[in-house]
Structure formats: C-alpha cells, structure tokens
Amino acid sequence: MRKDFLVFGQPLIERDEMDEVLDSMSKAWLGTGAKVHQFEKDFARYKTIPHAAAVNSCTAALHLSCLSLGLAPGDEVITTPMTFCATVNAVIHTGARPILADIDPVTLNIALPEIEKKITSRTKALIVVHFAGRPCDMDPIVELAGSRGIAIIEDCAHAIETEYRGKKAGAIGDLGCFSFYATKNITTGEGGMVISRDEDRISRIRIMALHGLSHDAWKRFFDSGFKHYYVEEAGFKYNMMDLQAAIGIHQLKRIEEYWKRRERVWKRYMEAFSDLPIGLPAPVGQDTRHAYHLFTVRIDSARTGISRDAFLDAMTGEKIGVGVHYVSLPEHPYYQRAFSWRAEDYPHAHAFGRETVSLPVSPKLTDRDVEDVISAVRSVLVKKYVR
Ligand SMILES: *Cc1c(COP(=O)(O)O)cnc(C)c1O
C-alpha cells in the first residue's frame with residue numbers, strides 16, 4: 001500500500017502562478033484589478049464569446065445569472081437532481097422555485113422527456129448541468145426551451161473544455177457559469193465566471209457582483225480626478241480578486257495540457273476496470289468533447305458484494321481519497337422540508353447517487369498514483385467478490 005494519502009481532486013499549482021501571485025503582493029494590489037480584467041479577456045477568448053464577468057464562485061455566477069433573467073417568486077426553474085446544491089440554492093435565493101426533472105441513466109444528464117413533463121406556464125428558465133464534463137444533448141433542449149420562451153443557464157462547473165457539435169459549453173444557452181474551485185479542471189482557489197453573448201446581461205452582472213455600484217471600483221483609482229460612485233441596485237459582494245485571477249491566468253494557459261493528462265488517466269481506468277463487476281462511465285458521445293472532470297464508477301452491492309459506503313471506507317483505508325458526486329438533491333433534509341421532494345420520484349438520480357464513487361483524475365496525479373488507485377480498487381473488490 002502507498003505511504004501517503006492521495007488527496008482527491010488536488011490541483012496542480014506551478015511556478016508561473018506562484019510568481020504572478022507574488023507580483024500582485026509586491027505591487028500591493030490584491031483586490032479586483034488589471035489581472036481580473038486580463039483573466040476575463042483570456043477566458044472570453046478561450047470560449048470565443050464576446051463577454052465574460054469574473055466572480056468569486058460558480059455559486060455567485062449562478063445566482064447573478066438567475067437574477068439577470070429577472071427570476072422572482074412565482075417563477076419556476078427546471079433543473080437536475082444530480083448536481084451540487086449550489087445549482088438549486090441559486091434559484092431559491094431569487095424567490096423562484098426549483099423543479100427537478102430526472103436524469104437519463106446512461107448519460108447522467110437531465111432527460112429531455114422529463115423536462116417536457118415539468119414545463120408549466122410558470123417555467124421561466126432551465127438550468128442544465130453538463131455532468132462530469134459530458135455535454136447535455138443541447139439541440140433538442142434549445143429547441144424545446146426556445147419554443148416555450150424559456151431561458152437556458154448552463155452550469156458548466158464540470159465543463160470548461162466541453163463541446164457539443166462544435167459549440168462550446170456555456171456559449172450554447174443564454175448564460176454559462178463556470179467554477180474555479182480547488183478541485184475543478186482549472187482553479188483560482190475559489191472563483192467563477194459568467195459568459196454570455198448578451199452585453200447588457202454581463203454588464204448588469206458586473207454591477208450586481210460589486211454592491212450594485214455604477215463604476216468598477218478599481219478603475220476609480222486610475223482616473224485622474226476623484227470620481228464618486230453611485231449605488232444603482234442593491235448588489236452583492238461577489239467580485240474576484242487579482243490574487244485569484246493571478247492563478248487563473250496561468251492555469252488557463254495549461255488547460256489543454258491538463259485535459260490531455262486527464263484523458264489519459266480516464267482511458268487507463270476504462271481499460272484497467274473493464275473486467276470488474278462495476279459500472280463505468282458511458283463512452284464519450286459522438287461529435288462532442290468530454291471535459292473528463294469526474295470519473296465515476298457504480299458500486300452495486302448485488303454485483304460487487306460490497307456496499308458503496310463500505311467501498312468508500314475501504315478506498316480511504318487504502319490511502320486513496322474518493323468523492324461522491326452526488327447524493328441526489330431530494331435526499332437532503334432542507335429540500336424535503338421546503339419542497340416535499342422525495343428521492344423515489346427521481347429514480348435514476350436516486351439510484352446513481354446511492355451507488356456512485358468518484359476516483360481521482362486530477363492532472364497532479366503521477367503514473368504511480370494512477371496505478372495505486374487501480375490496485376486499490378482491484379484489491380478492495382477482489383477481496384469481496386472472489387471468495
Ligand atoms: C462546484 C460546483 C458548483 C459550485 O461551484 P463553486 O465555485 O464552488 O461555487 C456548482 N455546480 C456544480 C455542478 C458544481 O460541481
């Protein structure tokens with residue numbers, strides 16, 4: 001067994017971002033400034049979209065995106081039960097009501113027929129999540145939403161590199177939201193981005209991310225004369241810092257290199273586990289690009305002889321950090337109380353959430369680490385099912 005614990009989803013932080021952070025520190029400009037502006041420009045170019053606004057998390061990006069659509073009490077927003085809680089909390093904080101539509105059991109993305117069933121006259125928006133980095137089947141979703149006047153937000157927290165039929169994730173719907181949390185494909189520690197083709201929407205989001213102030217606060221310091229600022233709306237404190245953008249600028253430059261590394265790890269796992277009685281991710285869809293954010297295996301105790309939770313413990317015992325993405329949203333007490341959601345009503349998300357385990361795929365993994373993960377999985381399972 002390996003000696004040190006393999007931390008799940010640890011980012012790869014390199015010399016360039018360390019130097020850039022030091023540069024901010026030695027200039028004593030820590031807050032929102034030129035580096036945030038640069039990171040927004042670089043990210044917009046990467047996504048080939050005209051407008052991007054950096055914020056301090058994807059949660060903030062989702063919340064501001066919901067507000068920019070004018071969501072309010074009485075409105076409904078359809079989304080998936082197989083996501084992080086932030087996706088629905090962003091809706092709840094506008095006063096609108098989240099409505100869940102179950103996933104497709106193969107792609108693990110929100111299922112079109114389930115969306116159709118949940119549309120009412122109150123449906124204002126749809127939040128799709130490109131789960132694990134695999135794009136949702138956007139053409140029919142865009143067509144359905146368009147025909148009913150429903151806006152689309154893409155939660156791209158897993159999907160920075162994702163493409164669907166030549167289109168980039170986040171640039172297909174009305175707004176795309178990204179996360180640079182420590183475990184995501186590229187990181188700023190904490191951080192997020194909203195992209196859109198709609199300039200007005202992005203400028204409103206920019207204003208709402210900084211208290212609702214009329215000017216970018218940092219620009220005031222460069223102006224020759226003193227400038228008053230005015231509060232245009234009751235906004236939030238959601239701005240990204242230069243210290244964060246300093247990391248992001250250099251992480252973004254390495255995004256392809258990291259993607260290739262994760263693809264190699266992914267393929268190695270697919271091959272190494274092909275003879276085991278566990279569920280593996282579906283093959284990558286035609287004419288799409290997968291972002292390989294999560295590698296999820298399914299542990300069905302009837303086939304493996306070990307429960308999912310016992311498997312999680314056994315892997316940790318083998319010094320391999322693992323994750324669960326996710327226990328389905330209706331299993332959480334708050335949502336049960338607030339919306340009377342029942343897990344059984346979303347059977348595919350429920351079953352997946354009870355059986356899934358995420359294995360490490362970060363670019364920080366060495367070949368040795370990858371082989372350690374494989375040996376640990378094999379030894380935990382072989383001990384259980386080969387008697
Ligand atoms: C990580 C994540 C978020 C939240 O991102 P933060 O940057 O941590 O706020 C939202 N949605 C999904 C699907 C995520 O995985």
Checklist entry - Any ion pair linking D200 and R204 (charged N to carboxylate O, less than 4.0 Å)? => result no
Item to check | Min side-chain heavy-atom separation L213-I207 under 4.5 Å | outcome: no
Next on the checklist: Distance alone, cut at 3.5 Å: any donor-acceptor contact between the side chains of N56 and Q244?
Outcome noted: no
Item to check | Reported CD1-to-CD1 distance for the pair I195 and I49, which is rounded to 0.5 angstrom | outcome: 4.0 Å
Item to check | CA sep, side-chain torsions, deciding dist, call: I249, E17, side-chain contact (heavy atoms from CB on, under 4.5 Å) | outcome: CA-CA 8 Å; I249 288 165; E17 44 269 47; over 6 Å; no
Next on the checklist: Looking only at the side chains, is there a donor atom on one of H348 and D102 sitting less than 3.5 Å from an acceptor on the other?
Outcome noted: no
Checklist entry - T48 and K168: side-chain donor and acceptor closer than 3.5 Å? => result no
Checklist entry - Do S375 and D372 get their side chains close enough for a donor-acceptor pair, meaning under 3.5 Å? => result no
Checklist entry - How are the rings of F295 and W266 set to each other: parallel, tilted or perpendicular (split at 30° and 60°)? => result perpendicular
Item to check | Donor on one side chain, acceptor on other, H51 and S196, under 3.5 Å | outcome: no
Checklist entry - Is the closest side-chain heavy-atom distance between V322 and T316 below 4.5 Å? => result yes
Checklist entry - Hey, what do you get for CZ (R303) to CG (L381), rounding to the nearest 0.5 Å? => result 10.5 Å
Next on the checklist: Please find the pair of heavy atoms, one from P81 and one from A349, that lie closest to each other, and give the distance.
Outcome noted: CG-CB, 3.5 Å
Next on the checklist: In the structure I gave you, are the side-chain heavy atoms of W341 and P98 within less than 4.5 Å of one another anywhere?
Outcome noted: yes
Next on the checklist: Looking only at side-chain N and O atoms, does E76 offer a donor or acceptor that is under 3.5 Å from a partner on T120?
Outcome noted: yes
Item to check | Atom CD of E199: over 12 foreign heavy atoms under 6.0 Å | outcome: no
Next on the checklist: Less than 4.5 Å apart, side chain to side chain, heavy atoms only: is that true for V377 and F273?
Outcome noted: yes
Next on the checklist: Would D42 and K253 count as a salt bridge (Lys or Arg N to Asp or Glu O under 4.0 Å) here? Give the steps.
Outcome noted: CA-CA 9 Å; D42 293 352; K253 286 182 184 157; over 6 Å; no
Checklist entry - Does E114 pair with K117 as a salt bridge, N-O distance under 4.0 Å? => result yes
Checklist outcome for this item: Closest non-hydrogen contact found for L71 with A125 is CD2-CB, 4.4 Å
Checklist entry - Can you tell me how far the CD1 atom of I152 sits from the OG atom of S65, to the nearest 0.5 Å? => result 13.0 Å
Next on the checklist: Working note: E257 + R254, criterion salt bridge (Lys or Arg N to Asp or Glu O under 4.0 Å); need CA distance, chi angles, decisive distance, verdict.
Outcome noted: CA-CA 5 Å; E257 189 189 311; R254 277 185 238 110; 5.1 Å; no
Item to check | OG-CD1 distance between S179 and I160, expressed to the nearest 0.5 angstrom | outcome: 7.5 Å
Checklist entry - Are the aromatic ring centres of F43 and F180 under 6.0 angstrom apart? => result yes
Next on the checklist: For a quick check under 3.5 Å, do T32 and N239 share a side-chain donor-acceptor pair by atom type?
Outcome noted: yes
Checklist entry - When you look at E318 and R2, which way does the salt bridge (Lys or Arg N to Asp or Glu O under 4.0 Å) test go after all the steps? => result CA-CA 8 Å; E318 299 273 338; R2 52 185 287 132; over 6 Å; no
Checklist entry - What about I255 and I247, same hydrophobic cluster or not, with Ile/Leu/Val/Met/Phe/Trp/Tyr joined at side-chain heavy-atom distances under 4.5 Å? => result no
Checklist entry - Run the ring pair (Phe, Tyr, Trp, His ring centres under 6.0 Å) check on H211 and F236 step by step: do they pass? => result CA-CA 5 Å; H211 307 289; F236 299 87; 9.7 Å; no
Next on the checklist: Check for me, please, whether I150 and L67 land in the same ILVMFWY cluster - side-chain distances under 4.5 Å, paths through other members count.
Outcome noted: no
Checklist entry - Are the aromatic rings of Y292 and H290 close, with centres under 6.0 Å apart? => result yes
Checklist entry - Between V265 and M270, is there a shared hydrophobic cluster once you connect ILVMFWY residues whose side-chain heavy atoms come closer than 4.5 Å? => result yes
Item to check | Closest heavy-atom pair and its distance - I13, Q251 | outcome: CD1-NE2, 3.9 Å
Checklist entry - Are any non-hydrogen side-chain atoms of L64 and V55 less than 4.5 angstrom apart? => result yes
Next on the checklist: Applying salt bridge (Lys or Arg N to Asp or Glu O under 4.0 Å) to D75 and K124, what does each step give before you reach the verdict?
Outcome noted: CA-CA 6 Å; D75 294 338; K124 282 280 173 59; 2.7 Å; yes
Checklist entry - What's the verdict on side-chain contact (heavy atoms from CB on, under 4.5 Å) for R262 and N185, showing C-alpha distance, side-chain angles and the deciding distance? => result CA-CA 9 Å; R262 291 195 312 279; N185 287 358; 3.0 Å; yes
Checklist entry - Within a reach of under 6.0 Å around CD of E143, are more than 12 heavy atoms found that belong to other residues, nucleotides or ligands? => result no
Item to check | Residue pair K118, T123: steps toward the side chain to side chain donor-acceptor pair (under 3.5 Å) verdict | outcome: CA-CA 8 Å; K118 297 299 175 82; T123 310; over 6 Å; no
Item to check | Exercise: identify the closest heavy-atom pair between A34 and D242 | outcome: N-OD2, 3.4 Å
Checklist entry - Closest heavy-atom contact between G74 and R122? => result O-CD, 3.4 Å
Item to check | Cluster check F178, L252: I/L/V/M/F/W/Y, side chain < 4.5 angstrom | outcome: yes
Next on the checklist: Can you tell whether the side chains of R206 and E40 come within less than 4.0 Å, N to carboxylate O?
Outcome noted: yes
Checklist entry - NZ of K364: more than 12 outside heavy atoms within 6.0 angstrom? => result no
Item to check | E331-H350 side chain donor-acceptor pair, cut-off 3.5 Å | outcome: yes
Next on the checklist: Would you call the rings of Y326 and F131 parallel, tilted or perpendicular, taking 30° and 60° as the class edges?
Outcome noted: perpendicular
Item to check | Inter- and intrachain pairs under side chain to side chain donor-acceptor pair (under 3.5 Å), touching residues 86-101, at least two apart | outcome: T83-T87, T87-D155, N89-Y335
Item to check | M241 reachable from M18 in the ILVMFWY side-chain graph, under 4.5 Å edges | outcome: yes
Item to check | Short N-O contact, D300 and R354, less than 4.0 angstrom | outcome: no
Checklist entry - Does the distance from a Lys or Arg side-chain N to an Asp or Glu carboxylate O, for D313 and R308, drop under 4.0 Å? => result no
Checklist entry - How are the rings of Y230 and H228 set relative to one another: parallel (under 30°), tilted (30 to 60°) or perpendicular (over 60°)? => result tilted
Checklist entry - Are more than 12 heavy atoms from other residues, nucleotides or ligands located less than 6.0 Å from atom CZ of R342? => result no
Checklist outcome for this item: Between the CZ atom in R289 and the CD atom in E163, the distance rounded to the nearest 0.5 Å is 5.5 Å
Checklist entry - Looking at I110, N109, V88, L100, which hits side chain to side chain contact (heavy atoms under 4.5 Å, CB included) with T80? => result I110
Next on the checklist: Quiz question: by atom type and distance under 3.5 Å, do the side chains of Y164 and H130 form a donor-acceptor pair?
Outcome noted: no
Next on the checklist: Less than 4.5 Å apart, side chain to side chain, heavy atoms only: is that true for R165 and T288?
Outcome noted: no
Item to check | Closest heavy-atom pair and its distance - F84, L329 | outcome: C-CD2, 4.3 Å
Checklist entry - Rounded to the nearest 0.5 Å, what separation is found between the CD1 atom of I299 and the OG atom of S307? => result 9.5 Å
